Amino acid sequence: MHSVRTNVSISRRSARSSVRILGVASASAALVLGVSSTALACNIKEFSAEATCDGSNGVITVTDQDASGTPATITVFLENNGADAKQVGDAQTVKGSAKGTQVTFSEDWAPNATYRVHVKVDSGKTQIDTDITPNLTTPSTACKSDESSSPSPSESASPSPSASESTPAESDSPTPSASDSSTAPASTSSNAPSPAVGESNLAETGANSNTGLIAGIAAALVVAGGGAVWFGMRRRGAHSGN
């Protein structure tokens, strides 16, 4: 009888131990599941935003590091005095990853501007409908344009017109000097005494020339003088013969 009671007591203790072991195992499993579910749950802290430059264009980049890959809707607003001035583009959906998944919003942002980035997640037990805090403030320097970073084709081509303009200027300068030197003999010839244009032409042709007329009159006078001398000598001879 005593042995039966002992066996029953041992059985009860074994059952209690088993229940305790099961209870501890269940609690441990629940704790592990809770931690793992918490680790995989989407959290607003896993989202970040940054204003960057894509060449000369401004962009706002939002990164989602949610390892669970829960879809999230991202909306960006430009703030002005604490109120939404405008929405930047359309809302975009992103599925996060442990390495981080990014979505970009094209925005020609101004320096020191403020943007509100809103995140909304509606997936089962995960509910997020809040903003990334603090609000995004853009850098104090705007994106540099291509024109300011490198000379434009018009600027690089500007020396060529200036050089071409200077070249004709130099080539034009000898022309007046050449024309002046060519006209110099004309000015010296014009200073020398010469007959009028019409008279020089007539002298060259031999018609209506004063020189010819004077020569003719002189010849006539010579002939007349010779005749008078001859006639006088003849009369003297006649008188002497008488």
Side-chain angles (χ1 to χ4, degrees), residues 20-159:
R20 289 178 181 178
I21 293 172
L22 291 175
V24 172
S26 300
S28 300
L31 180 61
V32 170
L33 292 175
V35 171
S36 62
S37 61
T38 302
L40 294 176
C42 186
N43 193 305
I44 188 62
K45 294 182 180 180
E46 297 170 337
F47 295 85
S48 60
E50 182 182 10
T52 58
C53 296
D54 183 8
S56 60
N57 301 320
V59 294
I60 294 177
T61 304
V62 180
T63 303
D64 181 6
Q65 292 182 319
D66 173 26
S68 66
T70 304
T73 302
I74 311 297
T75 312
V76 179
F77 300 91
L78 172 64
E79 293 292 283
N80 185 13
N81 295 327
D84 294 342
K86 70 170 185 177
Q87 179 177 335
V88 179
D90 297 329
Q92 299 189 41
T93 301
V94 58
K95 290 183 178 181
S97 62
K99 294 182 179 181
T101 304
Q102 294 182 338
V103 289
T104 58
F105 296 80
S106 298
E107 172 68 355
D108 188 16
W109 47 262
N112 299 319
T114 303
Y115 289 87
R116 181 173 67 89
V117 182
H118 186 76
V119 179
K120 185 175 182 179
V121 178
D122 187 2
S123 176
K125 295 181 179 180
T126 305
Q127 299 290 329
I128 297 177
D129 191 1
T130 187
D131 299 333
I132 297 177
T133 55
N135 287 338
L136 171 64
T137 301
T138 61
S140 58
T141 303
C143 298
K144 294 182 179 180
S145 62
D146 295 336
E147 295 179 356
S148 62
S149 60
S150 60
S152 61
S154 60
E155 293 177 352
S156 59
S158 59

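Residues take their numbers from the sequence shown, with the count starting at 1. Since the model is a prediction, treat every value here as computed from it, not as a measurement.
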How many angstroms lie between atom [atom1] of [X] and atom [atom2] of [Y], to the nearest 0.5 angstrom?
X    : Y    : atom1 : atom2 : result
T104 : D54  : OG1   : CG    : 8.0 Å
S97  : D64  : OG    : CG    : 7.5 Å
T63  : E46  : OG1   : CD    : 12.5 Å
I44  : I132 : CD1   : CD1   : 5.5 Å
D122 : T73  : CG    : OG1   : 9.0 Å
I74  : I60  : CD1   : CD1   : 12.5 Å

Less than 4.5 Å apart, side chain to side chain, heavy atoms only: is that true for [X] and [Y]?
X    : Y    : result
K120 : T75  : no
H118 : D129 : yes
W109 : V88  : no
T130 : V119 : no
T141 : P111 : no

Determine the minimum heavy-atom distance between [X] and [Y], stating which atoms define it.
X    : Y    : value
N80  : A85  : CB-CB, 3.9 Å
V103 : T93  : CG1-O, 4.3 Å
C42  : V121 : SG-CG2, 3.9 Å
V59  : S106 : CG1-CA, 4.3 Å
K95  : P71  : CE-CG, 3.8 Å
A51  : T138 : CB-CG2, 3.8 Å

Do V62 and V117 pass the side chain to side chain contact (heavy atoms under 4.5 Å, CB included) test, and can you show the C-alpha distance, the side-chain angles, and the key distance before you say yes or no?
-> CA-CA 8 Å; V62 180; V117 182; 3.9 Å; yes
Applying salt bridge (Lys or Arg N to Asp or Glu O under 4.0 Å), which residue pairs with at least one partner in residues 98-119 are found, sequence neighbours left out?
->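 Pairs touching residues 98-119 that pass the test: E79-R116, D84-R116, K86-E107, R116-D131.
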Can you list every pair that meets disulfide bond (SG atoms under 2.5 Å apart) and has a residue in residues 104-145, with sequence neighbours left out?
->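 For residues 104-145, and leaving out neighbouring residues, the disulfide bond (SG atoms under 2.5 Å apart) pairs sorted by first residue read C53-C143.
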